[in-house]
Amino acid sequence: MNRHRRAPQSAGGVCGIAYVDRVYQLHDAAEPGPLVNPLAWQANLDGYQCLVFLHGHGIFSALVIRSTDDRDLVGLRHNGAFDAAVRAIPGLAEWTDPERSRPLTDVLPGGTLVNAYRGQRGPDGELALPGLVFVGDAVCTTTPNFGRGLATTMLQVDELLRLLDATMDVTERSATTSRLTDMGEAFHAWTEANMRPWVQDHAIMDDALRRRWGGEDIDLSQPGLPSDLVMEASRVDERIRPAIGPYVAMTALPAMLDAVEPLARVVYQSMWRPVLAAGPNRRELAGIVDAAAA
Ligand SMILES: Cc1cc2nc3c(=O)[nH]c(=O)nc-3n(C[C@H](O)[C@H](O)[C@H](O)COP(=O)(O)OP(=O)(O)OC[C@H]3O[C@@H](n4cnc5c(N)ncnc54)[C@H](O)[C@@H]3O)c2cc1C
């Protein structure tokens, strides 16, 4: 019997990435630190990644993102080790300089991160329960580096409201089971086509990123470069650039990068590689964490 049961996730999985986050606030009248866009600063270092996300009122989050395989970076969750690490990483050092800002929280560890897609159906392929609709993170989560959670949720809400308007008569006191089933099936088909691809896209990206953090080169033997690498290659081939906006803003599906993927492949075949930001590599960072713990 299927009733009231939902099939397990059918795309994605544990992404193998963890992060630590500490929230700070700029002192009154202090200037913000460096930014790569109006909302954030980001740097790819040798073996890990750093981010600063702006909130309101001068409040911001400083993040260090690493592979879960890097057990010697686990100590970053302690305030002393995090402080020592951010002092050593250009960009984070400027944002968190005590002359500029003060911490509002302790270090907040984030994990286990999953890319996950689950549809509306039960294990037997029928809707889990007609009239019960799964929406938002219950359908789709992706790793936080693109901050897509609210967008994927709102896109679903928008589609669900459209389907409700199209299939339900609001003057009716209750909808028939067959109409609820039609609506649930239509929403399932929509999330399969419009949410599943984002989870698959992130799963491919995260796996490749984790491998590169572990020292592997970009894998050109596989068809389809990860989307972040396609975008990076636009630094060399500007014909890739027009595809980036719709991908980042989610006005098109990830497959829209397929058209420019061959251009990116040529860039990497020429042996060009993204330039890493200055700062300690992951071994040196682990040494900083160790020293702070001692
Ligand atoms: C640390 C963190 C940072 C994030 N940063 C970003 C970001 O920068 N940008 C972005 O787009 N997304 C971000 N996200 C993701 C985003 O928050 C989610 O994708 C979004 O909130 C999903 O909305 P939702 O309604 O599905 O779930 P939620 O917002 O989680 O809402 C679910 C609600 O249900 C309630 N609830 C749970 N169980 C029960 C129950 N049994 N009975 C009654 N109520 C219940 C919960 O308390 C909660 O209020 C972040 C998430 C986290 C955890």
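Small disclaimer: the values here were computed from a predicted structure and weren't measured.
- Across Ala292 and Ala81, no two heavy atoms sit closer than the pair CB-CA, 3.6 Å.
- Between the side chain of Glu159 and the main chain of Gln156, no donor-acceptor pair closer than 3.5 Å is present.
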Practice task
Evaluate the side chain to side chain contact (heavy atoms under 4.5 Å, CB included) criterion for residues Val157 and Leu161: first the C-alpha distance (whole Å), next the side-chain angles of each, then the deciding distance (0.1 Å), finally the verdict.
Solution key: CA-CA 6 Å; Val157 168; Leu161 291 175; 4.0 Å; yes

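- Remark: Arg118 fails to qualify as a cation-pi partner of Phe134 under the 6.0 Å distance and 45° angle criteria applied to the six-membered ring.
- Atom CZ of Arg283 has 12 or fewer neighbouring heavy atoms from other residues, nucleotides or ligands inside a 6.0 Å radius.
- Under a cut-off of 6.0 angstrom, the local environment of CZ in Arg241 is crowded, with over 12 non-hydrogen atoms contributed by other residues, nucleotides or ligands.
- Using a 4.5 Å heavy-atom threshold, the side chains of Trp198 and Asn115 count as separate.
- Residue Leu253 comes nearest to Ala193 through the heavy atom pair CD1-O, 3.6 Å, listed as atom of the first residue, atom of the second, then distance.
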Exercise for the section: Evaluate the side chain to side chain contact (heavy atoms under 4.5 Å, CB included) criterion for residues Leu54 and Leu35: first the C-alpha distance (whole Å), next the side-chain angles of each, then the deciding distance (0.1 Å), finally the verdict. Expected result: CA-CA 10 Å; Leu54 300 189; Leu35 289 167; 4.1 Å; yes

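- Remark: the backbone N or O of Val107 is not paired with any side-chain donor or acceptor of Arg77 at under 3.5 angstrom.
- Aromatic ring orientation, Phe187 versus Trp190: parallel (interplanar angle below 30°, classes split at 30° and 60°).
- For the residue pair Glu192 / Tyr117, a side-chain donor-acceptor distance below 3.5 Å is found, with atom types taken as modelled.
- A heavy-atom distance below 4.5 Å is found between the side chains of Thr152 and Met250.
- The side-chain heavy atoms of Thr68 and Thr112, taken from C-beta on, include no pair separated by under 4.5 Å.
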Practice task
Under the side chain to side chain contact (heavy atoms under 4.5 Å, CB included) rule, what do Asp70 and Arg282 come out as? Steps first, then yes or no, please.
Solution key: CA-CA 8 Å; Asp70 265 337; Arg282 68 193 174 97; 2.6 Å; yes

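- Taken from CE in Met256 to OG1 in Thr251, the straight-line distance is 7.0 Å, to the nearest 0.5 Å.
- Taking OG from Ser101 and CD from Glu94, the interatomic distance works out to 11.5 Å, rounded to the nearest 0.5 Å.
- One finds the CG atom of Asp72 at 7.5 Å from the CG atom of Asp290 (value rounded to the nearest 0.5 Å).
- The CZ atom of Phe53 lies 15.5 Å from the CD1 atom of Ile59; values are rounded to the nearest 0.5 Å.
- Using modelled atom types, one side-chain atom of Tyr268 and one backbone atom of Leu229 make a donor-acceptor pair closer than 3.5 Å.
- Between Leu45 and Gly279 the shortest heavy-atom distance is CD2-CA, 3.6 Å.
- Ring geometry, Phe146 versus Tyr247: the interplanar angle exceeds 60°, so the pair is classed perpendicular (tilted spans 30 to 60°).
- At a threshold of 4.5 Å between side-chain heavy atoms, the hydrophobic network of Ile, Leu, Val, Met, Phe, Trp and Tyr places Tyr19 and Val86 in two separate groups.
- Looking at Arg100, its side chain never comes within 3.5 Å of a backbone N or O of Leu26 through a donor-acceptor pair.
- Minimum interatomic distance between Glu185 and Arg121 (heavy atoms only, all atoms of both residues): OE1-NH2, 2.6 Å.
- Sparse packing is recorded around CD of Glu31, with 12 or fewer heavy atoms of other residues, nucleotides or ligands lying under 6.0 Å away.
- The shortest side-chain heavy-atom distance between Glu284 and Asp46 does not fall under the 4.5 Å cut-off.
- For the pair Leu160/Leu164, a side-chain contact is recorded, criterion being any heavy-atom separation below 4.5 Å from C-beta on.
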Practice task
Show your reasoning for whether side chain to side chain contact (heavy atoms under 4.5 Å, CB included) applies to Met195 and Leu155.
Solution key: CA-CA 9 Å; Met195 293 291 117; Leu155 287 168; 4.0 Å; yes

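- At a threshold of 4.0 Å, the pair Arg212-Asp228 counts as salt-bridged, since one of the basic side-chain nitrogens sits closer than that to a carboxylate oxygen.
- Hydrophobic clustering (side-chain heavy atoms under 4.5 Å, transitive across Ile, Leu, Val, Met, Phe, Trp, Tyr) keeps Leu276 apart from Met205.
- The shortest non-hydrogen separation linking Asp206 to Cys15 is OD2-CB, 3.5 Å.
- Between Thr141 and Val114 the shortest heavy-atom distance is OG1-O, 3.2 Å.
- Of the possible donor and acceptor atoms, none in the side chain of Asn44 sits under 3.5 Å from a partner among the backbone N and O of Gln49.
- Leu220 and Trp272 fall within a single hydrophobic cluster, where Ile, Leu, Val, Met, Phe, Trp and Tyr side chains are chained together by heavy-atom contacts under 4.5 Å.
- Checking side-chain atoms of Thr105 against main-chain N and O of Val23 turns up a donor-acceptor pair under 3.5 Å.
- You'll find the side chain of Asp124 stays beyond 4.5 Å of the side chain of Arg5, heavy atoms only.
- Counting heavy atoms from C-beta outward, Ile17 and Leu209 have side chains that approach closer than 4.5 Å.
- Here the CG atom belonging to Leu73 is positioned 10.0 Å from the CD1 atom belonging to Ile288, to the nearest 0.5 angstrom.
- Distance alone, capped at 3.5 Å, places no donor-acceptor pair between the Glu261 side chain and the Leu257 backbone.
- Rounded to the nearest 0.5 angstrom, Leu129 CG and Leu180 CG are separated by 9.5 Å.
- Remark: side-chain polar atoms of Arg196 are paired, donor with acceptor, to backbone N or O of Ser10 under 3.5 angstrom.
- The six-membered or imidazole ring of Trp95 lies away from that of Tyr24, with a centre-to-centre distance of 6.0 Å or more.
- Linking Ile, Leu, Val, Met, Phe, Trp and Tyr whenever their side-chain heavy atoms come within less than 4.5 Å leaves Ile244 and Ile204 in two separate clusters.
- Thr167 and Asp182 form no side-chain donor-acceptor contact under 3.5 Å, judged by distance and modelled atom types alone.
- For the pair Arg239 and Val260, the minimum side-chain heavy-atom distance is 4.5 Å or more.
- Hydrophobic clustering places Val135 together with Val199 (ILVMFWY residues linked when any side-chain heavy atoms are closer than 4.5 Å, directly or through intermediates).
- A salt bridge links Asp207 with Arg210; the closest basic N to acidic carboxylate O contact falls under 4.0 Å.
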